[in-house]
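For reference, the structure is listed below as structure tokens.
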Amino acid sequence: MAMTVSDADLQIVSHQLGRTPRGVLEISYRTPDGEPAVIKTAPKLPDGTPFPTLYYLTEPRLTAEASRLEVAHVMKWMEARLAEDEELAADYRRAHDHYLAERNAIEDLGTDFSGGGMPERVKCLHVLIAYALAEGPDRVRLGTEAVAMAADRGGLRGDVIPEDWPTTAELGIDLNDFDFSNGVSS
């Protein structure tokens, strides 16, 4: 459920990002304790620069966990599945089309680039996590999986991610299949 953005929200997001956010239209997802975690951004920044990333992850624990998942090669695993699973690829295409429709309803950039590498590649888990959290667990399967992995691997369930978000076990994901020994420490 989308929520408006207040000056207090913008101050929190500025602190989270370490800079002043630009083009913020709304807070699209808040943690269970009410903190902003995903912002919706304008397709063009105030200076006219195109900014095709509709949903932007701001919550530091989530951004760190997204980076850990990327270092563990979760994107390669997802991309390999996209090439082999027609149903998953169709879900990703629908998510891409919806993302473009949502962004173009605000302002059409005249491009079919959405975010996170959609619809053929998995390029950024930060974007997929932000998109899934903003739209809910039924919008984009790979985003739902990435959120579940962040929740369960990072111990974020109930604190940053809703208790009732699908679990890795429910989604058939075994976190032991990934190497989390490299990269950003917990």
Begin with the C-alpha distance, continue with both residues' side-chain angles, and end with the deciding distance and a verdict on side chain to side chain contact (heavy atoms under 4.5 Å, CB included) for Thr111 and Arg103.
-> CA-CA 11 Å; Thr111 179; Arg103 191 184 69 210; 3.6 Å; yes

Apply side chain to side chain contact (heavy atoms under 4.5 Å, CB included) to Ile27 and Val38, showing your working.
-> CA-CA 6 Å; Ile27 305 299; Val38 175; over 6 Å; no

Residue pairs, two or more places apart or on separate chains, that pass salt bridge (Lys or Arg N to Asp or Glu O under 4.0 Å) and touch residues 109-122 | Arg93-Glu120

Considering only NZ, NE, NH1 and NH2 on the basic side and carboxylate oxygens on the acidic side, decide whether Glu79 and Lys76 come within less than 4.0 Å.
-> no

Mind checking what makes ring pair (Phe, Tyr, Trp, His ring centres under 6.0 Å) contact with Tyr92, not counting sequence neighbours?
-> none

Name all residues meeting the side-chain hydrogen bond (donor to acceptor under 3.5 Å, both in side chains) criterion together with Thr63; count only those two or more places apart in sequence or in a different chain, and write none if there are none.
-> none

Examine Ile12 and Leu62 and state if one hydrophobic cluster contains both, with Ile, Leu, Val, Met, Phe, Trp and Tyr joined whenever side-chain heavy atoms are less than 4.5 Å apart.
-> no

Residues 105-128 vs ring pair (Phe, Tyr, Trp, His ring centres under 6.0 Å), sequence neighbours excluded, gives none

So which heavy atom on Phe180 is nearest to which on Leu69, and how close?
-> CE2-CD2, 3.7 Å

Just by modelled atom types, is the Ala37 backbone N or O under 3.5 Å from a matching donor or acceptor in the Thr58 side chain?
-> yes

Counting heavy atoms not belonging to Asp108, are there more than 12 under 6.0 Å from its CG?
-> yes

Does any pair with a residue in residues 158-181 pass salt bridge (Lys or Arg N to Asp or Glu O under 4.0 Å), and if so which ones, sequence neighbours excluded?
-> Arg61-Asp159

Inter-residue atom distance Asp91.CG - Leu142.CG, 0.5 Å rounding = 7.0 Å

Taking all atoms of both residues into account, what is the closest heavy-atom pair of Arg153 and Arg68, and its distance?
-> NH2-CD, 3.0 Å

What's the verdict on side chain to side chain contact (heavy atoms under 4.5 Å, CB included) for Leu25 and Ile106, showing C-alpha distance, side-chain angles and the deciding distance?
-> CA-CA 10 Å; Leu25 300 175; Ile106 300 165; 3.7 Å; yes

Nearest-0.5 Å distance, CD of residue Gln11 to OG1 of residue Thr20 | 10.5 Å

Heavy-atom closest pair, residues Ile129 and Ala150 = CD1-CB, 4.5 Å

Please list every donor-acceptor pair under 3.5 Å in which a side-chain atom of residues 42-56 meets a protein atom from a residue at least two apart or in another chain.
unit_1, atom_1, unit_2, atom_2, d
Asp47, OD1, Thr49, N, 2.9
Asp47, OD1, Thr49, OG1, 2.7
Asp47, OD2, Thr49, OG1, 3.2
Tyr55, OH, Glu135, OE2, 2.6
Tyr56, OH, Arg19, NH2, 3.3

Looking at side-chain heavy atoms only, is the closest gap between Tyr29 and Pro162 below 4.5 Å?
-> yes

Under the side-chain hydrogen bond (donor to acceptor under 3.5 Å, both in side chains) test, which residues partner Asp33, sequence neighbours left out?
-> Thr31

If you measure from CD on Glu102 to CG on Asp97, what distance do you get to the nearest 0.5 Å?
-> 12.0 Å

Closest heavy-atom contact between Val127 and Gly116?
-> CG1-N, 3.6 Å

Are Tyr131 and Leu109 connected in the hydrophobic side-chain network, where two residues link if heavy atoms are under 4.5 Å apart?
-> no

Leu57 side, atom CG; Leu133 side, atom CG - distance, nearest 0.5 Å = 7.0 Å

Please check if the side chain of Asp9 supplies one atom and the backbone of Ser6 the other of a donor-acceptor pair under 3.5 Å.
-> yes

In terms of heavy-atom contacts, Val122 and Met78 come closest through CG2-CB, 3.9 Å

Gap between atom CD of Gln16 and atom CD1 of Ile39 - 0.5 Å precision | 9.0 Å

So, for Gly143 and Ala132, which heavy atoms are closest and what is the spacing to 0.1 Å?
-> C-CB, 3.4 Å

4.5 Å side-chain heavy-atom contact, Leu175 and Met149 = yes

Determine, stepwise, if the pair Met75 / Lys123 fulfils side chain to side chain contact (heavy atoms under 4.5 Å, CB included).
-> CA-CA 7 Å; Met75 294 180 305; Lys123 193 172 106 177; 5.6 Å; no

Cys124 SG to Glu70 CD distance, which is reported to the nearest 0.5 Å | 5.5 Å

Quick one: which residue pairs count as a ring pair (Phe, Tyr, Trp, His ring centres under 6.0 Å) with a foot in residues 151-173, not counting sequence neighbours?
-> none

How would you list, by chain and number, every residue that makes a side-chain hydrogen bond (donor to acceptor under 3.5 Å, both in side chains) with Glu35, sequence neighbours excluded?
-> none

Tell me the side-chain hydrogen bond (donor to acceptor under 3.5 Å, both in side chains) pairs involving residues 141-152, sequence neighbours left out?
-> Arg81-Glu145, Arg141-Glu145, Asp152-Arg157, Asp152-Thr168

